[in-house]
Amino acid sequence: MHADDGDWVVVAGFASPESGATFTESLSYTLDVTRVGRSRSTSHQSGRFVPAPGQSTTLATSRVSASPGDEIELILTVSSAAGVLDVARFRTAVTP
């Protein structure tokens, strides 16, 4: 997550398979971004991907309008046909 020009924050969700892990099936992801300040906004993105061994993959990016003091929460969930593989959560306050 990083500040963009103006009052925007850019967030991204990444997947990096553990060393030696190989996948032959596609996986799915959801990225939920919530901003709470004077008002509340939520963004939801989802899709499918096949992780490349030893490489990081950008799954989704989003620009969020935010002001200093707003709270931003990201939840990235990666699943296979068998169920949820991992959930990553990140929460921070926007600083000037």
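- To the nearest 0.5 angstrom, Ser41 atom OG is 8.5 Å from Asp70 atom CG.
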Would you tabulate the side-chain donor-acceptor contacts of residues 25-35 under 3.5 Å, counting partners in other chains and residues two or more places apart, or write 'none'?
{"residue": "Ser26", "atom": "OG", "partner": "Arg48", "partner atom": "NE", "Å": "3.1"}
{"residue": "Ser26", "atom": "OG", "partner": "Arg48", "partner atom": "NH2", "Å": "2.9"}
{"residue": "Tyr29", "atom": "OH", "partner": "Leu59", "partner atom": "O", "Å": "2.8"}
{"residue": "Asp32", "atom": "OD1", "partner": "His44", "partner atom": "ND1", "Å": "2.4"}
{"residue": "Arg35", "atom": "NE", "partner": "Ser65", "partner atom": "O", "Å": "2.8"}
{"residue": "Arg35", "atom": "NH1", "partner": "Ser39", "partner atom": "O", "Å": "3.0"}
{"residue": "Arg35", "atom": "NH2", "partner": "Ser39", "partner atom": "OG", "Å": "3.4"}

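- The two residues Ala66 and Val94 have their closest heavy-atom pair at CB-CG2, 3.8 Å.
- Annotation: the span from Leu76 atom CG to Phe90 atom CZ amounts to 13.0 Å, rounded to 0.5 Å.
- Residues in residues 50-59 take part in these side chain to side chain donor-acceptor pair (under 3.5 Å) pairs, two or more places apart or across chains: Ser16-Ser56.
- Applying the side chain to side chain donor-acceptor pair (under 3.5 Å) criterion to Gln45, with sequence neighbours excluded, gives no partner residue.
- The CZ atom of Arg89 sits 6.5 Å away from atom CD of Glu73, with the distance rounded to the nearest 0.5 Å.
- Through direct or indirect side-chain contacts shorter than 4.5 Å among Ile, Leu, Val, Met, Phe, Trp and Tyr, Ile75 is connected to Val84, Val87.
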